[in-house]
Amino acid sequence: MRLKDCESCLVYGSDRKPLSRARVVEIKENVLQLFFTTSRLRNARLKTIVDFYDGQKGLVRSLCSLTLKKNPGFFETGEPWMADCAIVKVYEEFQRQKDVRAKVQLSTEFVLEDGSYVAGTIRNISAGGLFFVTSRELRPGDRFVFVHKFKTDVCRVSARVLRVQELQGGYGYGCQFMGLSPGEEADIRNFVYLKQIQRQMDRQKKLGLSEEDEV
C-alpha cells in the first residue's frame with residue numbers, strides 16, 4: 001500500500017491511546033519517516049497503531065513497526081525525535097468517507113445566489129458538507145458560497161441547502177458541498193482530520209494524560 005498525499009499522522013502508544021502527532025515523509029512504498037515536535041520520547045522499537053491522513057485516500061489506520069531515535073536534523077526542523085516507520089498491515093481505509101464530521105465554531109458570511117449576505121456559524125463540517133446556524137430563513141435547494149483558509153490557501157466553497165432545522169431564535173441548515181476540486185476536498189479533509197486529532201488530545205489531557213508522556 002502506498003500513500004498518495006500524506007503529510008501528517010497520529011501515533012498511538014503501546015496502550016492504544018493517542019500518543020503524539022507526527023509529520024510524515026514517505027521514503028518508498030510502506031517505508032516512511034515520522035518527525036515529532038514532542039521532546040519526551042526515548043529510543044525504542046515497537047509495533048503500534050498509526051492513523052495516517054492522506055489527502056486522496058482519507059484516513060488510513062495501520063499497524064506499523066517504529067524505531068524511535070533522536071533526529072540528527074533537530075536544529076534545522078525543530079523536531080527532536082524521529083522514527084523509521086514500516087507499514088506492516090492496513091486495518092482500515094476510510095476512503096471518501098464524507099460523513100466523518102468535526103465539531104467547530106466558525107463564524108463566517110455566506111453569499112447567496114442573489115448576492116445577499118448571510119452571517120452564520122458553522123457548527124460541524126465534513127469533506128461532504130457542513131451544518132451552520134443563522135437567524136435568516138432559507139429553503140432547501142438554496143445555494144451559497146463562502147471562503148475559508150482550511151490549510152494554506154483560501155478556498156472558495158460552493159454549497160446547497162439540503163435540510164432545514166428550526167432552532168430557538170434561528171435556523172440550522174445541513175448543506176452539501178458542490179463542485180469541490182480534488183485540492184479543495186483534500187484541504188477540508190486535512191482540516192477535519194486535524195480537528196479530530198485535537199479532540200482526541202484534549203480528551204487525553206482531561207484524563208490526565210499528555211502527548212509529552214514517554215513511550
Side-chain angles (χ1 to χ4, degrees), residues 1 3-12 18 21-24 49-62 90-113 117-167 170-204:
M1 190 278 298
L3 299 172
K4 299 287 188 180
D5 179 23
C6 182
E7 297 178 355
S8 59
C9 70
L10 176 62
V11 178
Y12 291 76
R21 286 165 287 186
R23 180 171 62 89
V24 177
I49 303 299
V50 179
D51 284 347
F52 294 101
Y53 174 74
D54 189 284
Q56 295 184 39
K57 285 179 171 289
L59 180 65
V60 181
R61 175 160 293 175
S62 304
V90 175
Y91 286 127
E92 296 175 288
E93 196 169 312
F94 299 100
Q95 188 174 15
R96 315 295 296 179
Q97 188 173 358
K98 295 180 181 294
D99 60 349
V100 176
R101 294 183 174 272
K103 292 183 179 180
V104 294
Q105 286 288 329
L106 300 176
S107 297
T108 190
E109 283 190 327
F110 305 91
V111 184
L112 301 179
E113 288 183 295
Y117 288 80
V118 175
T121 302
I122 300 174
R123 293 285 179 84
N124 64 59
I125 187 168
S126 73
L130 58 84
F131 180 85
F132 79 95
V133 297
T134 181
S135 60
R136 179 163 170 177
E137 185 174 4
L138 302 175
R139 298 171 298 176
D142 284 350
R143 300 191 177 203
F144 60 88
V145 298
F146 71 99
V147 296
H148 188 77
K149 184 186 287 187
F150 292 103
K151 195 173 181 183
T152 55
D153 297 325
V154 174
C155 295
R156 185 176 186 273
V157 182
S158 298
R160 66 176 177 178
V161 176
L162 293 182
R163 59 182 177 87
V164 181
Q165 179 181 343
E166 289 193 26
L167 304 173
Y171 302 89
Y173 299 102
C175 307
Q176 178 186 35
F177 293 141
M178 307 291 294
L180 288 179
S181 69
E184 290 168 339
E185 184 173 333
D187 284 355
I188 295 174
R189 284 182 183 278
N190 183 75
F191 177 82
V192 171
Y193 177 71
L194 292 178
K195 289 293 182 183
Q196 289 177 320
I197 288 179
Q198 189 59 56
R199 287 190 66 193
Q200 288 177 303
M201 304 306 285
D202 290 345
R203 191 178 300 117
Q204 248 186 295

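Basis for what follows: all heavy atoms, side chains included, without hydrogens, waters or symmetry-related copies.
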(message) Is any side-chain heavy atom of Leu112 closer than 4.5 Å to one of Leu138?
(response) yes
(request) Would you indicate whether the side-chain heavy atoms of His148 and Val157 approach each other to under 4.5 Å? (result) no
(request) Drop me the distance from Arg143's CZ to Glu113's CD, to the nearest 0.5 angstrom. (result) 6.5 Å
(message) Parallel, tilted or perpendicular, judged at 30° and 60°: which one describes the rings of Phe177 and Phe146?
(response) tilted
(request) Answer whether the closest heavy-atom distance between the side chains of Tyr53 and Asn190 falls below 4.5 Å. (result) yes
(request) Evaluate the side-chain proximity of Thr108 to Phe132: yes if any heavy-atom separation is below 4.5 Å, no if none is. (result) no
(message) With heavy-atom distances below 4.5 Å as the criterion, would you say the side chains of Ile188 and Cys155 are in contact?
(response) no
(request) First locate atom OH of Tyr193, then atom CG of Asp51, and finally report the distance between them rounded to the nearest 0.5 Å. (result) 5.0 Å
(request) Provide the closest heavy-atom pair for Arg123 versus Val133 in the form atom of the first, atom of the second, distance. (result) NH2-CG2, 3.5 Å
(request) Would you name the heavy atoms of Ser126 and Arg101 that are closest together and state the gap between them? (result) CB-CG, 3.7 Å
(message) Could you go through Tyr91 and Ile49, starting from their C-alpha distance and side-chain angles, then the distance that decides it, and tell me whether this counts as side-chain contact (heavy atoms from CB on, under 4.5 Å)?
(response) CA-CA 9 Å; Tyr91 286 127; Ile49 303 299; 3.2 Å; yes
(message) Which heavy atom of Val24 sits nearest to which heavy atom of Ser8, and what is that distance?
(response) CG2-C, 3.7 Å
(request) Over all heavy atoms of both residues, which pair between Arg136 and Tyr171 is shortest? Give the atoms and the distance, please. (result) O-CD1, 3.6 Å
(message) Within this structure, what is the CD-OH distance for the pair Glu109 and Tyr117, rounded to the nearest 0.5 Å?
(response) 7.0 Å
(request) Locate the shortest heavy-atom distance separating Arg189 from Ala127; write the atom from each residue and the value. (result) CG-CB, 3.5 Å
(message) To the closest 0.5 Å, what do you measure between CG (Leu106) and CG (Asn124)?
(response) 10.5 Å
(message) Are Val164 and Arg139 packed together at the side-chain level, in the sense that at least one heavy-atom pair is separated by less than 4.5 angstrom?
(response) no
(request) Determine, using ring centers only, whether Tyr173 and Phe144 are less than 6.0 Å apart. (result) no
(request) Grab the two heavy atoms, one from Val90 and one from Ser62, that are nearest each other, plus how far apart they are. (result) CG2-OG, 3.9 Å
(message) Taking the side chain as everything from C-beta on, heavy atoms only, tell me whether Phe131 gets closer than 4.5 Å to Arg163.
(response) yes
(request) For residues Gln105 and Thr121, determine if any side-chain heavy atom of one lies less than 4.5 Å from a side-chain heavy atom of the other. (result) yes
